[in-house]
Amino acid sequence: MKVATWNINGVKARIESALTYLRQENPDVICFQEIKSVDENFPAGAFEEIGYNVAVHGQKGFNGVAILSKLPFDDVTQRLPGADDDEQARYIEAVISVPAGALKVISIYAPNGNPLGTEKFSYKLAWLKRLEQHARKLLAEEAAFVIAGDYNIIPEPVDAKRPAAWTEDALFQPESRAAYRRLLNEGLTDAVRLCHPGPGIYTFWDYQAGAFQKDDGIRIDHLLLSPQAADRLKTAGVDRFTRGWEKPSDHVPVWVELDL
DNA sequence: ATGGCGCGTCAAACGCGA
């Protein structure tokens, strides 16, 4: 079973690319981030026509996440616990029945957090703390799950072509990196890093300054697996070829193959 | 050396991203 995640930077702008990718790569599940659409305007029909069930948590103009699955959803939850007043659409969780039992798939769009020293950075850290607390609860259930999405965290210097360029950025702050490391310490597996230990694995290249042509990238989109999902890990990868398409997203899809 | 884009909202710049 192939589970992918892709920050598409606007579903309306990326609908043709998304459909092409799904037809070509045929993932069983894909998590989208930054759909920038309200639920009612999400083009669910176009995805249903090629065989996907659709679960959406959108908002007007910004943010927004979705999960598409060939297998039906048993349950869908649209909120990350811990802040009932949080209006930003950054989280959706779905349970899918698979031959080996059940798989919980979570699509996240973690806050960017720039600029430093503002409420945006404290919101980022608070949101990541909520994610950690929720992950702990899920880990206690000892079930297979994957938290997939745009974490907006560069975990290590090896995850950037030019780490020195990011030292004043929220994505590479010690506090952000520590939040990611805590998820690993608590037992989650970074699937892409496990399968590709070396340098040069990136998932985002800025639109500006010819970043992709220079391969001036960063790795900020991740798939974290629970121990029960990691037991089933076969391979993981990054589909950087989509960054060379016409009108690309600045992020590319990342995926895992699980033996489920 | 520096800066170089793109999306959505709305109908001209602006917020936002990373």
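All values derive from a computational prediction rather than experimental measurement. Letters A, B, ... are given to chains in the order of the sequence lines, protein chains preceding strands, and every chain is numbered from 1.
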*Asks:* Rounded off to whole Å, could you give me the CG-to-P distance for the Asn9(A) and dG15(B) pair?
*Replies:*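 The answer, rounded to whole Å, is 18 Å.
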*Asks:* Taking CZ from Phe32(A) and C1' from dC7(B), how many angstroms apart are they, rounded to a whole number?
*Replies:*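 For the pair Phe32(A) CZ and dC7(B) C1', the rounded distance is 16 Å.
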*Asks:* Distance check needed: dC5(B) C1' versus Lys247(A) NZ, whole Å only.
*Replies:*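 Atom NZ in Lys247(A) sits about 13 Å away from atom C1' in dC5(B).
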*Asks:* Mind checking Asn112(A) for me? I need base, sugar-phosphate or nothing, with any heavy atom below 4.0 Å counting as a touch.
*Replies:*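 If one applies the 4.0 Å heavy-atom cut-off, Asn112(A) turns out to touch a base.
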*Asks:* Would you mind telling me which of dT9(B), dA18(B), dG4(B) lies closest to the side-chain atoms of Asn114(A)?
*Replies:*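 Out of dT9(B), dA18(B), dG4(B), the nucleotide with an atom closest to Asn114(A)'s side chain is dA18(B).
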*Asks:* For Arg243(A) and dC5(B), what is the distance between atoms CZ and P respectively, to the nearest whole Å?
*Replies:*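 Value for this atom pair: 12 Å.
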*Asks:* Return the orientation label for the His222(A) and Tyr180(A) ring planes: parallel under 30°, perpendicular over 60°, tilted otherwise.
*Replies:*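 Rings of His222(A) and Tyr180(A): tilted, 30 to 60°.
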*Asks:* Let me check something: do Leu19(A) and Tyr21(A) share a hydrophobic cluster, defined by ILVMFWY side-chain heavy atoms less than 4.5 Å apart, either directly or through other members?
*Replies:*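 Yes: a chain of side-chain contacts under 4.5 Å links Leu19(A) to Tyr21(A).
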*Asks:* Look only at the side chain of Tyr123(A) and the backbone of Gly113(A), and say whether a donor-acceptor pair between them is shorter than 3.5 Å.
*Replies:*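 Here the side-chain-to-backbone pair does not exist.
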*Asks:* Heavy atoms only, 4.0 Å cut-off, all strands: where does Tyr109(A) land among base, sugar-phosphate and nothing?
*Replies:*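 Sugar-phosphate, backbone atoms only, no base.
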*Asks:* Would you state whether a donor and an acceptor, one from the side chain of Asn152(A) and one from the base of dA18(B), lie under 3.5 Å apart?
*Replies:*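 Answer no: no donor N or O sits under 3.5 Å from an acceptor.
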*Asks:* Would you please indicate yes or no on a ring centroid separation below 6.0 angstrom for Trp166(A) and Phe172(A)?
*Replies:*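 No, ring centres 6.0 Å or more apart.
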*Asks:* Using the C1' atom as the reference point in each nucleotide, state the distance between dA11(B) and dG15(B) in Å, no decimals.
*Replies:*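 It comes out at 16 Å once rounded to the nearest Å.
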*Asks:* OP1, OP2 of dA18(B) versus side-chain N and O of Tyr151(A): anything below 4.0 Å?
*Replies:*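 No, Tyr151(A) has no side-chain N/O under 4.0 Å of OP1/OP2 on dA18(B).
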*Asks:* Let me know the distance between CG of Asp206(A) and P of dG3(B), rounded to the nearest Å.
*Replies:*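 One finds 13 Å between P of dG3(B) and CG of Asp206(A), rounded.
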*Asks:* Using heavy-atom distances to pick each residue's nearest nucleotide on DNA chain B, tell me which of Gln208(A) and Ala110(A) is more 5'.
*Replies:*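 The residue closer to the strand's 5' end, by nearest nucleotide, is Gln208(A).
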*Asks:* Between Phe212(A) (CZ) and dG6(B) (P), how many Å, whole number?
*Replies:*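 Atom-to-atom, Phe212(A) to dG6(B), this comes out as 14 Å.
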*Asks:* Using a 4.0 Å heavy-atom cut-off across all strands, classify Lys124(A) as base, sugar-phosphate, or nothing.
*Replies:*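 No contact.
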*Asks:* Rounded off to whole Å, could you give me the CD-to-C1' distance for the Glu34(A) and dA18(B) pair?
*Replies:*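 In whole Å, dA18(B) C1' lies 9 Å from Glu34(A) CD.
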*Asks:* Please report the distance separating the P of dC7(B) from the corresponding atom of dA18(B), rounded so that it comes out in whole Å.
*Replies:*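 Taking atom P in both dC7(B) and dA18(B), they lie 14 Å apart.
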*Asks:* Given atom CD of Gln88(A) and atom C1' of dG15(B), what is their separation to the nearest angstrom?
*Replies:*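 Between C1' of dG15(B) and CD of Gln88(A): 13 Å.
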*Asks:* Check the angle between the aromatic planes of Trp6(A) and Trp245(A) and answer parallel, tilted or perpendicular using the 30° and 60° thresholds.
*Replies:*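 Trp6(A) vs Trp245(A) ring planes: perpendicular.
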*Asks:* Taking the six-membered ring for Trp, are Tyr91(A) and Tyr109(A) closer than 6.0 Å centroid to centroid?
*Replies:*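 Ring centroids of Tyr91(A) and Tyr109(A) are no less than 6.0 Å from each other.
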*Asks:* Take Ile218(A) and Gly210(A), find for each the nucleotide of DNA chain B with the closest heavy atom, and name the residue whose nucleotide sits nearer the 5' end.
*Replies:*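 Closer to the 5' end of DNA chain B: Gly210(A).
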*Asks:* For Asp150(A), which contact category applies under a 4.0 Å heavy-atom criterion: base, sugar-phosphate, or nothing?
*Replies:*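 Sugar-phosphate contact only.
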*Asks:* Under 4.0 Å between a side-chain N/O of Arg14(A) and OP1 or OP2 of dG6(B), yes or no?
*Replies:*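 Result: no.
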*Asks:* Given dA18(B), is OP1 or OP2 found less than 4.0 Å from the side-chain N or O atoms of His251(A)?
*Replies:*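 So the side chain of His251(A) is within the cut-off, an N or O lying under 4.0 Å from OP1 or OP2 of dA18(B).
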*Asks:* Is Ala13(A) touching bases, backbone alone, or none of the nucleic acid, heavy atoms closer than 4.0 Å?
*Replies:*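 Since only primed, P, OP1 and OP2 atoms lie under 4.0 Å of Ala13(A), the category is sugar-phosphate.
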*Asks:* May I ask you to evaluate whether Asn7(A) reaches the phosphate of dA18(B), defined as a side-chain N or O under 4.0 Å from OP1 or OP2?
*Replies:*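 For dA18(B), OP1/OP2 do have a side-chain N/O of Asn7(A) under 4.0 Å.
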*Asks:* Within less than 4.0 Å of OP1 or OP2 of dG6(B), is there a side-chain N or O belonging to Lys36(A)?
*Replies:*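 No, Lys36(A) has no side-chain N/O under 4.0 Å of OP1/OP2 on dG6(B).
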